[in-house]
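Written below as structure tokens is the structure these notes are about.
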2 protein chains.
Amino acid sequence: MTDLCEPTRSRKPSAPRRATLPQILNAAEWTFGTRGLKGTRVEEIAGLCGIPKANILYYFHSKEALYQATLARLLDIWLADADEWLSPERDPMEGMEGYIRAKMAFSRTRPEGSRLFAQELLSGGQMIQGFLKETLRAHVERHAEIFLAWQAKGLMRVIDPTHFMCLLWSGTQAYADMQVQFEALLDRESLLDTDYEAGIETFLTLIRPLFVQLG
Amino acid sequence: MTDLCEPTRSRKPSAPRRATLPQILNAAEWTFGTRGLKGTRVEEIAGLCGIPKANILYYFHSKEALYQATLARLLDIWLADADEWLSPERDPMEGMEGYIRAKMAFSRTRPEGSRLFAQELLSGGQMIQGFLKETLRAHVERHAEIFLAWQAKGLMRVIDPTHFMCLLWSGTQAYADMQVQFEALLDRESLLDTDYEAGIETFLTLIRPLFVQLG
DNA sequence: CATAAACCTGAACATCTGGTCAAAATTATC
DNA sequence: GATAATTTTGACCAGATGTTCAGGTTTATG
């Protein structure tokens, strides 16, 4: 997660490095996300950065290393939202809405990241086995416990917390991964803010009954 | 959709053709679904069929042509389930359950097909523009009208039919596309029948309140 | 069974692309 | 400002892989 990059770091990160590295990673996120690992040409990433291919291979020993670094940077950012909104103290329905909105915002503002992750899952997720089986698993289990606690207190109807969590995840993710499908179905050049809003509203309509006063 | 294949068909389909073609398409569905268009080597498909690479290029002029044919065959099968279960006559909740079960069964028994479609969407869906904007769009609109009719009759709570439809789609699709993620989260070597059943149950729990007697 | 169409396949080809390298240019540090 | 580390870059290489092709084999049809 830290430095998959070159120098032995006998100095602090130099100016050109600070400028070039993020640029490469951004371009890589876009390209890997829309073309996949195999479909991506290092030269295309280079082109997006306006630098020669060899320069990228200087910072990252291989295309695959760049892929992993791109993925790693993404996963780091990934989990914060959920922890902020889904906490035991917060009001359940308020937390759910916050989480869904945050996740949906991610799909809207950074769709390539979503797609990169999806690409990786589709092709078997070899590169993120560790993340899936440790970090993400712990993450989901933590939230599952929150749901179970809510259910025990009568604040939430009984529902399998893990599958429910996955349903939230996939439903929001879909607005990035299946963006073209939504555009076709809604007859849009590109999705509007109101479309994402309608998606959120649909979700909330479905979820609200889980949290109505039960007794 | 019909014949993207070779001969001028001055005879009826020959025996070797009837034997080889489906074999190729099956192998192609698996390979394209897990490796993507670029990631797939024609030779791997050939290997799965136990025939030489050149034989595949005899039936399909190019890798891309085979990709399109594979996709086309998939899309043909795709829409039948929905039409069977979501019809105006049928009891709403019964239809919903039937549809979800059918869609989930597809994700379980033919995950590579699901993944192939997802791959195509992720990379922009260039190959299936027509399908998305015409066939699928009409399909979804038809079902949206059924939902609206139910809502007008007071048989279903008000919810955006298109977004709701997409949510059903993506949630069931996820059990194929994000299979590795589910396996990691549920700590399974591979998903069990009970896992898919739990997924269905979670879905139904969420959907049922839409169809309770309203008045 | 003749014969034309369809099918099969090994070998060769052309291209694309990830990666290397050495030499030049730039930057950080004393 | 000297100098050592870092960065940049074009040219080149090697392997992978889609595609062609010619010649041989099998199959359908009369």
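Every chain is numbered from 1, with letters handed out A, B, ... down the list of sequences. Predicted model, so just to flag it, every value in this text is computed and none were measured. The analysis underlying the following values was restricted to heavy atoms, covering all of them including side chains, and did not include hydrogens, waters or symmetry mates.
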Between atom [atom1] in [X] and atom [atom2] in [N], what is the gap in whole Å?
X: B/Lys63; N: C/dT15; atom1: NZ; atom2: P; value: 18 Å
X: A/Phe60; N: D/dT8; atom1: CZ; atom2: P; value: 12 Å
X: A/Leu57; N: C/dT17; atom1: CG; atom2: P; value: 14 Å
X: A/Arg35; N: C/dT17; atom1: CZ; atom2: C1'; value: 15 Å
X: A/Tyr67; N: C/dT17; atom1: OH; atom2: C1'; value: 18 Å
X: A/Arg41; N: C/dC16; atom1: CZ; atom2: C1'; value: 9 Å
X: B/Tyr59; N: D/dT20; atom1: OH; atom2: C1'; value: 18 Å
X: A/Ile24; N: D/dT9; atom1: CD1; atom2: C1'; value: 14 Å

**Message:** Tell me if a side-chain donor or acceptor on B/Arg115 pairs with a main-chain N or O of B/Ala176 at a distance below 3.5 Å.
**Reply:** yes
**Message:** Under the side chain to side chain contact (heavy atoms under 4.5 Å, CB included) test against A/Lys53, which residue among A/Leu57, A/Ile51, A/Asn55 passes?
**Reply:** A/Leu57
Atom pairs and distances, donor-acceptor, side-chain atoms in residues 126-139 of chain B, under 3.5 Å, two or more places apart:
{"unit_1": "B/Arg137", "atom_1": "NE", "unit_2": "B/Glu141", "atom_2": "OE2", "d": "3.4"}
{"unit_1": "B/Arg137", "atom_1": "NH2", "unit_2": "A/Asp187", "atom_2": "OD2", "d": "3.4"}

Listed nucleotide nearest any side-chain atom of [X], set [options]:
X: B/Asn55; options: C/dT9, C/dG18, D/dT8; result: C/dT9
X: B/Ala54; options: C/dC8, D/dG10, D/dC21; result: D/dC21
X: A/Thr20; options: D/dA28, D/dT8, C/dT9; result: D/dT8

**Message:** For D/dT19, does the base pair up with any side-chain atom of B/Lys53 as donor and acceptor (N or O, under 3.5 Å, distance only)?
**Reply:** yes
**Item:** Which residue lies more 5' along DNA chain D, comparing B/Arg18 with B/Val42 via nearest heavy atoms
**Value:** B/Val42
**Prompt:** Starting at the 5' end of DNA chain D, which residue's closest nucleotide do you reach first, B/Leu37 or B/Ala15?
**Reply:** B/Leu37
**Message:** Less than 4.0 angstrom between a side-chain N/O of B/Ser14 and OP1 or OP2 of D/dT26, yes or no?
**Reply:** no
**Message:** At less than 4.0 Å, is any side-chain N or O atom of B/Tyr58 found next to OP1 or OP2 of C/dC8? Yes or no.
**Reply:** no
**Message:** Students often mix this up, so state it plainly: with edges at 30° and 60°, are the rings of B/Tyr67 and B/Phe32 parallel, tilted or perpendicular?
**Reply:** perpendicular
**Request:** Could you label the plane-to-plane angle of the A/His163 and B/Phe182 rings as parallel, tilted or perpendicular, counting under 30° as parallel and over 60° as perpendicular?
**Result:** tilted
